[in-house]
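Provided herewith is a single structure, encoded as structure tokens, for subsequent inquiry.
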Amino acid sequence: MSKYQSEFLKIMDERGYIQQCTDFEQLDERASKGIVTGYIGFDCTATSLHVGSLIQIMMLRKLQQTGHKPLVLMGGGTTRIGDPSGKDEARQMLTDEKIDENLVGIRKVFEKLLTFGDGPTDAVMVNNRDWLDEINYIEFLRDYGRHFSINRMLSFDSVKLRLDREQTLSFLEFNYMILQAYDFLELNRTHNCTLQMGGSDQWGNIVNGIELSRRVDGANVTGLTTALLTTSSGAKMGKTAGGAVWLNEDLLSSYNYWQFWRNTEDADVGRFLRLFTELPLDEITRLEALEGAELNDAKKILATEATTLVHGKEAAEKAAEAARVAFEQGAISADLPTVEIEQSALDAGLGVLTAFVQSGLCASNGDARRQIKGGGAKVNDKAVQDERGSLGVSDLTEDGVIKLSLGKKKHVLLKPV
RNA sequence: GGGGGGAUGCCCGAGCGGUUAAAGGGGGCGGACUGUAAAUCCGCUGGCUUAGCCUACGUUGGUUCAAAUCCAACUCCCCCCA
């Protein structure tokens, strides 16, 4: 039997989402008695979020599934200031237009995983720019700044770490903390929001928000964090071959997204199945007990389930099938990522180097050259021998495409138009 | 305000007049082994029209046959004193 009464905490607990909570009992009681409104904040620094944020999105989804109301807080205002935590020199400030654009892109993922609307448990998206823009400096300091004690702020991990390492912590960053705290207060006032969730790195900020709400409004709100996600070998989650693992299809195809999950380390399979799929727990227990090569079946299920959540069932199954055909039969599947090329270019003879660059498999001709030398570049599954060679109509397969591969895992089809 | 130190490739970091596209490590990519895993071993890791050329060591100028290396100014960062 679970130690929790509420469906929400029960699920969060058994699926391994929880790292810390400011008050388990209180949250449990609230969640079992009525609707809890909870939020998580997201930065708008790119046009898409990547898998690193997926665990947070899943938490909002679980919140909604268990009968509560998720708020998605977009950091439209805080992103404008630019998070100064990067240690190298100030990163480029994002323009308002760029932020708005990013916001639109990021929104797409949430629409897939949450149900938005006006109902009592429908998700709502808010933007902290709406209230942060209005702030008057002096007024803000008088009303809220006085509740922050530097002494206490210095004791937060995020701050302490920087100071111990003798790295600068700018005043701006200090304010960043305060603005984030203010978000919670604002959401509590306007949306009756009583819960903030986030990654464990947000603990300090979350606690600040709770404290501020208590001091200013006497509100009693709660924070809940997840463990920061790393793979079993300690690598930060979310980076792979081509860079970040984006959640939006235009930045990373569903085929490649599926591949990302398919390549999960053995030791992570069970944990990821619990966090990133919605399979029943006993099924997961069975899957993670598989050993050796059989565990690969569990990885396929993980990949398909995880891809279904973000890209839909159809895309996931196509990706799974494309992978099956490509890897298990060594054949060509029409669902592999495809890049179109000019028919005329092919007629004239397309240089292999150019072909690999156009396909996106190689970054430059030089890169392509090196890959060929290393024996990792293949055309229609045959290693390229001569970097000066070119592709022509005769290289088209029966399906009318040319299959380019880099290594064993990355394939792209060239299709003349 | 005064004094000192620094800025090098994706990241960390050596080099301190020519033999430097720049040691070493990390990361990444490829190969071998496997199970599209991990670990291990090997190779590659600025661009191009590649026996050559071009661009690069914070920015801009200068000294020199020759500068990442010397000089000057500027920008930014760090440390110590006030």
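Letters A, B, ... mirror the listed sequences (proteins, then strands); counts begin at 1.
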Contact class for A326(A) (heavy atom, under 4.0 Å): base, sugar-phosphate, or nothing?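 No contact.
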Which nucleotide sits closest to the side chain of N263(A): G30(B), U36(B), G47(B)?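 Nearest to the side chain of N263(A) among the choices is U36(B).
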Identify whether any heavy atom of N365(A) sits under 4.0 Å from a base atom; if not, whether one sits that close to sugar-phosphate; answer base, sugar-phosphate or nothing.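 Touches sugar-phosphate only.
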Is there a Watson-Crick or G-U wobble partner for C70(B) with both distances under 3.5 Å, and which nucleotide is it?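 With both distances under 3.5 Å, C70(B) matches G62(B).
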With rounding to the nearest 0.5 Å, note down the distance linking CD in Q371(A) to CZ in F356(A).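 Nearest 0.5 Å value for the CD-CZ distance: 9.0 Å.
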Taking side-chain hydrogen bond (donor to acceptor under 3.5 Å, both in side chains) as the definition, give me every residue that meets it alongside K313(A), ordered by chain and number, with sequence neighbours left out.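 In terms of side-chain hydrogen bond (donor to acceptor under 3.5 Å, both in side chains), with neighbours along the sequence ignored, K313(A) is linked to E317(A).
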Heavy atoms only, 4.0 Å cut-off, all strands: where does Q259(A) land among base, sugar-phosphate and nothing?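 Base contact.
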Select one nucleotide: of U36(B), A38(B), A32(B), the one nearest the side-chain heavy atoms of K408(A).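 Closest of the options to the side chain of K408(A): A32(B).
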Partners passing side-chain hydrogen bond (donor to acceptor under 3.5 Å, both in side chains) against K403(A) (at least two apart in sequence or in another chain):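 Residues passing side-chain hydrogen bond (donor to acceptor under 3.5 Å, both in side chains) with K403(A): D381(A).
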Please report the distance separating the P of G1(B) from the corresponding atom of G17(B), rounded so that it comes out in whole Å.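 Nearest-Å result for G1(B) against G17(B) at atom P: 35 Å.
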On a whole-Å scale, what distance lies between the C1' atoms belonging to G58(B) and C44(B)?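 After rounding to an integer number of Å, I get 29 Å for this pair.
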Can you confirm whether or not the ring centre of H411(A) sits under 6.0 Å from the ring centre of F327(A)?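 Yes, the ring of H411(A) comes within the 6.0 Å limit of the ring of F327(A), centre to centre.
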Taking only side-chain N and O atoms of R369(A), does any of them lie within less than 4.0 angstrom of OP1 or OP2 on C29(B)?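 Result: no.
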Could you verify whether a donor N or O on one side chain and an acceptor N or O on the other, from S253(A) and N256(A), lie under 3.5 Å apart?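 The answer is yes; a qualifying pair exists.
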G-U wobble or Watson-Crick pairing nucleotide for G1(B) (cut-off 3.5 Å, both distances):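 Check on G1(B): paired to C81(B), both distances under 3.5 Å.
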Both distances below 3.5 Å, Watson-Crick or wobble geometry, any strand: find the nucleotide opposite U40(B).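 When the pairing criteria are applied, A32(B) turns out to be the nucleotide that pairs with U40(B).
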K409(A)-N263(A) side chain donor-acceptor pair, cut-off 3.5 Å: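 There is such a pair between these side chains.
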Do D28(A) and K3(A) meet the salt-bridge criterion of a basic N to acidic O distance under 4.0 Å?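 So K3(A) does not pair with D28(A) through a salt bridge.
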Residue mapping more 5' on RNA chain B - nearest nucleotide basis, L295(A) or V357(A):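 By nearest-heavy-atom nucleotide position, the 5'-most residue is L295(A).
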Return the value, rounded to whole Å, for the distance between atom CZ of F260(A) and atom C1' of A37(B).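 These atoms are roughly 14 Å apart.
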Suppose you measure atom P in C70(B) against the same atom in U49(B); what distance do you get, rounded to whole Å?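 Pairwise P distance, C70(B) against U49(B), rounds to 36 Å.
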For the pair made of CD1 in I372(A) and P in U45(B), what is the distance, rounded to whole Å?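 Going from I372(A) (CD1) to U45(B) (P), I get 15 Å.
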Heavy-atom donor-acceptor pair, K300(A) side-chain to U36(B) base, under 3.5 Å: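 In this structure, the two groups form no donor-acceptor pair.
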Measuring only the P atom in each nucleotide, how far is A22(B) from A72(B)? A whole number of Å is fine.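 Rounded to whole Å, the distance is 30 Å.
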Could you pick out which residue, D266(A) or G376(A), lies toward the 5' side of RNA chain B when each is mapped onto its nearest nucleotide?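 The answer here is G376(A).
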Measuring only the P atom in each nucleotide, how far is C78(B) from C16(B)? A whole number of Å is fine.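 Between the two P atoms, the distance is 28 Å.
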Using the P atom as the reference point in each nucleotide, state the distance between G5(B) and G52(B) in Å, no decimals.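 Nearest-Å result for G5(B) against G52(B) at atom P: 42 Å.
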Could you tell me whether R370(A) contacts a base, only the sugar-phosphate backbone, or nothing, with contacts defined as non-hydrogen atoms closer than 4.0 Å?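 Counting heavy atoms under 4.0 Å across all strands, the contact made by R370(A) is with sugar-phosphate only.
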Side-chain H-bond candidate by donor/acceptor type, E278(A) with Q65(A), under 3.5 Å: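 The answer is yes; a qualifying pair exists.
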Candidates G35(B), A32(B), U36(B) - which lies nearest the side chain of W258(A):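 Output: U36(B).
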Less than 4.0 angstrom between a side-chain N/O of S364(A) and OP1 or OP2 of C48(B), yes or no?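 For S364(A), the contact criterion (side-chain N or O under 4.0 Å from OP1 or OP2 of C48(B)) is met.
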Sort out the partner of C10(B) for me: Watson-Crick or G-U wobble, both distances under 3.5 Å, none otherwise.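 Pairing partner, where one exists within any strand: G26(B).
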When you get a sec, tell me which of A37(B), U50(B), G35(B) is the closest nucleotide to the side chain of A293(A)?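 For the A293(A) side chain, the nearest candidate turns out to be G35(B).
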Considering only the P atoms, how many Å lie between A38(B) and G31(B), rounded to the nearest integer?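 Here A38(B) and G31(B) have their P atoms 13 Å from each other.
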State the pairing partner of A51(B); accept Watson-Crick or G-U wobble contacts with both distances under 3.5 Å, and report none otherwise.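 For A51(B), the partner nucleotide comes out as none, under the 3.5 Å rule.
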Minimum-distance nucleotide (side-chain atoms of K378(A) versus G35(B), G31(B), G47(B)):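 From the listed options, G31(B) comes nearest.
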Atom-to-atom span, NZ of K409(A) to C1' of G31(B) - whole angstrom: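 Distance check: K409(A) NZ to G31(B) C1' gives 13 Å.
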Provide the Watson-Crick or G-U wobble partner of G17(B), both distances under 3.5 Å; none if there is no partner.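 With both distances under 3.5 Å required, G17(B) matches none.
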Could you tell me the separation between the CG atom of N296(A) and the P atom of A38(B), rounded to a whole number of Å?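 Distance check: N296(A) CG to A38(B) P gives 11 Å.
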Mind checking if G407(A) touches a base, just sugar-phosphate, or nothing, with heavy atoms under 4.0 Å?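 Contact class for G407(A): sugar-phosphate only.
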Proximity to the side chain of K299(A) - top-ranked nucleotide from C29(B), A37(B), U34(B):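 So the nucleotide nearest the side chain must be A37(B).
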C1' spacing across the pair U40(B) / U34(B), given as an integer number of angstrom: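 My reading of the C1' atoms in U40(B) and U34(B) gives 12 Å.
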